[in-house]
Structure formats: structure tokens, C-alpha cells
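Quick note: numbers below take in every heavy atom, side chains included, and nothing from hydrogens, waters or symmetry partners. In each ligand, atom 1 is the first atom listed, and ligand 1 is the first ligand listed. Here the structure is a predicted model, which is why all the values come from computation and not from measurement.
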Amino acid sequence: MVKSLRAEIISIGTELLLGEIVDTNSTYLSQELRDLGIFVFRKTTIGDNRARLAAEIKEALDRSDIVIVGGGLGPTDDDLTREAIADVYDEEPEVNAHLLEELEKMFSRRNRKMPETNNKQAWLIPSAIALENPIGTACGWLVNKNNKILAAMPGPPHEMKRMWREKVLPHLPQTNSVLFHETLHTIGIGEGDLAEAIKDFTRSQNPSVGTYARGNGVDVRIAASAGNLAEAKSIAKPFIDKISALLKDYVYGTNGKTIVESIKEMLIKNGQTIATIESITGGALASDFTACSGISKCYVGGAVTYCNEMKVQMGVEAEIINEFGVVSRETAIAMADAAKKQFKVDWAISTTGVAGPDSLDGKKPGYAWVGLAGPDATVGYELDWPGEREMVIKRVRRMALMTIFNSLKESR
Ligand code: ATP
Ligand code: MG
């Protein structure tokens, strides 16, 4: 096995600690480092406190090869990253004439005079080089000392990402390890059952296999590292093939492909169209479809028929609703049939259910039906899974998409 480099990410800012903003920067950096085959050893969040920050950076440099610090490069008193880094290397920051000139230019281009407080954004310590920031006032710092790299970047995500790509990446040591990974997206199988199905593979180190529960099902990520990409791929390939075969009834896509994209591809291939008619999901299903680009080739539109009268107006017989209740197999089927007719499509999908927190017609929150009218028949699928309103709606949405996906797969 090739030895991989260790990295740590330190996110700075009291607002991160208090949960006022979400730390998306470290997620981005984790993914980037992962793809470079660099091992992310630890992530830390720390408030705007010079002593704690310096202590943390020092420890991180003792443990890891690469330390990436984000935030706290602004001009104000609570932006203390530069001070803390200077403490770590026991150096004095000084105003750098070139940086100061650039900073002053940036202000004058915006017809503003640079406030005195911004001076510190032109600081540098002898061990650091400045990382230019063409889209903000805070330049970054990079120190390469004792075989360890420390990079400090500004907090605003677009500034950080650009600096990372353009200024930090070129300084990172070449690893002799490359990572290849593939993610299988599944739907219709729980995390426990999935883990059971692939248990012969999950203890392996290289390739490694991880499962992650997501809003739209469970992902399986297979990753392998090796000296080059072709080799890493060939290590991962047998695992990808075997796991894909085991999960073939559940995989709807790989590497970021959404279930709606898969549905779209099958519909276009069949030369078929689809429409939605929604009660409990209130249009959410329609927006799942329209979130997918190019969907207008097969998705014609949808109706939100929230009250009974609207269902009747779309063509559902009032007697069906009266006899079986609005949340029933019969109503779900009648809705799907009505939409298929009104929209003149090959497929129509309906949702009806109790979102809660109150019960409806003696039916409890989490009770729902999805109806699917297809070229040959119309079927209903029951869901009975209590939960919070938001979760219930999400599950019905997911079930509706899964239902259409499975039916299209079977009709191939
Ligand atoms: P500035 O010059 O803008 O003050 P800075 O380097 O001091 O830059 P911060 O003050 O720490 O950066 O953060 C500025 C803004 O960037 C935050 O208010 C927040 O919106 C965003 N930000 C900071 N850190 C993160 C992070 N880890 N994830 C996502 N957004 C972040
Ligand atoms: Mg700031």
C-alpha cells in the first residue's frame, strides 16, 4: 500500500460554533482532499480566540502533513487567524508593501478610501507567502516548513474555492496514491437490509465500501487507492460489479445521477409521457420532475388537487371519494386515471395521504396511497409510516418516484 498524506481542516468562526452558519467549506475541502487521495484525518471548528486557535494549529501541524485553515482573515478585531499563525511560528507580522498597494488599489477601484483597519489584510510573516484573492480583500497565507504545509484561506465560499483551486492546489505535494471511487444510488431498500446484503464486502480496506443513508435512499460508495488511476479502477471494479449485481433491483443511478434522470431516460427511450396529480405532496412531486433539465420531453405537467372539489373537477367521481374516503386505493387510482385522461399521457402518478399532525377520516398521519396509471393498468401502492409532517410528505414523494421507476424498469 502506498502511504497517503494526512490532512486536517480547521474552520474558524464563533458563528460556526453557534450554528448560525453551516460549515459548507470544510465539506467541500473534504471532498476535494478525498479525490486527491489525501486522507482527511480530522476536522475542527474553533471560535474567534487567538490562544485556542494557535494551540489548535500547532497540534494539527504536529499530527498531519497538511493543515487547511478557513476564515478569520477579515480586517476586524475578531479576525485572528494571522495573529494565531504568527504565534505558531513565533514570528512578527509586518505590513507588506506590495500587498498594501494591491489592497489600496482594490478600494480605489470601488471609489472608496481604505480604512486603517484593513492594514492587517496586507500583513505577512517571513515564513508565509501570500495567496492572491482577486475577488475579495483577504489574501490567504501559505507556509511550507519542516515538510508541513499550512494554508489559510478566507471564509466566503466562492473566495475560498477559487483560492483553493488556483493558489493552494499547485503547492500540495504530489501523492503517489490516487483514489478512484464510484457511488451507487439505491432506493427501496433500508440501510440495515442493504448492509446485510453486501456484508461480505464492507470489511475490506482497499477497496473500501461505505453506506450512507440519504433523503432519496441509501448510497453505497466503493473506493480504491493505488499508484495510478487505472490500477485503482481495476482494484475497485470487481467490487463494483459484484455489489451492483447484488443490488440490481434497487440501483437507480451512479455518481450523482438522480432517480428523475433515470425515469426521464426510460420515458424518452420508450417515447412515452408522464403527468402528476397531487394531493398530499402539494406540487413537490412536480418540482422533483422539473428540477431535472430536459424533462419537458416527457413530463407534460401536473395538477395540485388539494381539496375534494378539485379532484372531482379533474375527473374523479365524487362517489368514489364518498364511499372509500379521500385517502384510499380507490381514490388514488381514480386520480391517476383522471390525470392520464386529462393530460393525454402514457403514465400518470397520483398522491393522496394524511400528512398530519391531525388524523383525517379516522386515518392517521403517515397513511398514504400512490396511484400509477400506466399504458396497461392502474395500480395503487399503500404507505403506512407514521412521522412528522415534513417526513411523511418526503416519503410519499420518494415512494411515488420509486413506483414509477420500478414500473418503467419492469415494462422494458
Ligand atoms: P471576510 O474578509 O469576509 O471577513 P474572513 O476570512 O474573515 O473573510 P469569516 O469572517 O470567517 O471570513 O467569514 C466570512 C463569511 O464567510 C461568513 O460570514 C460566512 O458567510 C462565510 N463562511 C465562513 N466560514 C465558512 C464555512 N466554513 N462554511 C461556509 N461559509 C463560511
Ligand atoms: Mg471576517
Side-chain angles (χ1 to χ4, degrees), residues 7-35 38 40-57 60 64 66-88 93 95-96 99-110 112-125 128-143 149-169 171:
E8 290 195 32
I9 301 166
I10 304 174
S11 301
I12 300 164
T14 303
E15 71 273 27
L16 292 166
L17 274 186
L18 299 182
E20 282 160 12
I21 60 163
V22 179
D23 184 359
T24 53
N25 285 356
S26 74
T27 307
Y28 169 84
L29 290 167
S30 287
Q31 291 168 355
E32 288 280 304
L33 290 162
R34 174 197 74 189
D35 291 348
I38 296 172
V40 181
F41 191 57
R42 200 187 264 240
K43 281 186 349 181
T44 316
T45 305
I46 209 146
D48 301 305
N49 177 288
R50 180 169 173 174
R52 277 201 296 275
L53 195 49
E56 186 58 40
I57 295 172
S64 300
I66 300 164
V67 177
I68 299 163
V69 178
L73 291 178
T76 62
D77 286 340
D78 60 1
D79 291 309
L80 295 162
T81 301
R82 292 184 193 81
E83 288 85 339
I85 296 175
D87 292 345
V88 169
V95 171
N96 176 286
L99 291 178
L100 187 64
E101 201 184 309
E102 289 299 315
L103 203 56
E104 280 168 344
K105 270 196 228 156
M106 178 165 266
F107 274 90
S108 71
R109 274 200 299 274
R110 297 174 190 172
R112 284 166 55 199
K113 193 177 142 34
M114 192 184 96
E116 192 80 18
T117 46
N118 281 77
N119 261 343
K120 75 185 241 184
Q121 291 193 298
W123 280 0
L124 213 51
I125 52 169
I129 59 163
L131 305 172
E132 255 173 67
N133 181 355
I135 50 175
T137 56
C139 74
W141 280 12
L142 187 128
V143 183
I149 288 187
L150 172 81
M153 294 185 285
H158 64 292
E159 294 178 31
M160 182 280 292
K161 287 182 190 170
R162 180 156 173 182
M163 190 176 288
W164 166 254
R165 285 194 309 267
E166 293 180 4
K167 304 291 170 202
V168 180
L169 275 184
H171 286 280

Atoms in ligand 1 with a heavy atom of Pro154 nearer than 4.0 Å: 6 (O)
Subset of ligand 1 atoms that lie under 4.0 Å from at least one heavy atom of Thr24: 28 (N), 29 (C)
Geometric N/O contact Gly71 with ligand 1, under 3.5 angstrom: no
Heavy-atom side-chain proximity of Lys167 to Leu142 below 4.5 angstrom: no
Numbered atoms and elements of ligand 1 in range of Val22, under 4.0 angstrom, heavy atoms: 28 (N), 29 (C)
Min side-chain heavy-atom separation Val40-Arg34 under 4.5 Å: no
Side-chain polar contacts of residues 12-24 - donor-acceptor pairs under 3.5 angstrom, sequence neighbours left out - could you list them?
unit_1	atom_1	unit_2	atom_2	d
Thr14	OG1	Asp48	N	3.1
Thr14	OG1	Asp48	OD2	3.2
Asp23	OD1	Asn25	N	3.4
Asp23	OD1	Ser26	N	3.0
Asp23	OD1	Ser26	OG	3.4
Asp23	OD2	Ser11	OG	2.7
Asp23	OD2	Ser26	OG	3.0

CD1-CG distance between Ile85 and Leu124, expressed to the nearest 0.5 angstrom: 10.5 Å
Whether Gly70 lies under 4.0 Å from ligand 1, heavy atom: no
Ligand-residue contact atoms, ligand 1 with Asp23, heavy atoms, under 4.0 Å: 26 (C), 27 (N), 28 (N)
Per atom 25 (C) of ligand 1, closest listed option by heavy atom (Asp79, Thr81, Asn25): Asn25
Pro156-ligand 1 polar pair, N/O distance under 3.5 Å: yes
Single hit among Met106, Met163, Arg162 for side chain to side chain contact (heavy atoms under 4.5 Å, CB included) with Pro134: Arg162
Ile125 vs Pro93 side-chain heavy atoms within contact, under 4.5 Å: yes
Nitrogen or oxygen of Thr137 less than 3.5 angstrom from that of ligand 1: no
Within-cut-off N or O pair, Met153 and ligand 1, under 3.5 Å: no
Pro157, Gly72, Ser26, Pro75: member with heavy atom nearest to atom 11 (O) of ligand 1: Gly72
Ligand-residue contact atoms, ligand 1 with Leu73, heavy atoms, under 4.0 Å: 5 (P), 6 (O), 7 (O)
Charged N-O contact under 4.0 Å between Glu83 and Lys120: yes
Trp123 vs Val95 side-chain heavy atoms within contact, under 4.5 Å: yes
Whether Glu132 side chain and Cys139 backbone form a donor-acceptor pair below 3.5 Å: no
Mode of Ile21 contact toward ligand 1 - side chain, backbone, both, neither (heavy atoms, under 4.0 Å): side chain
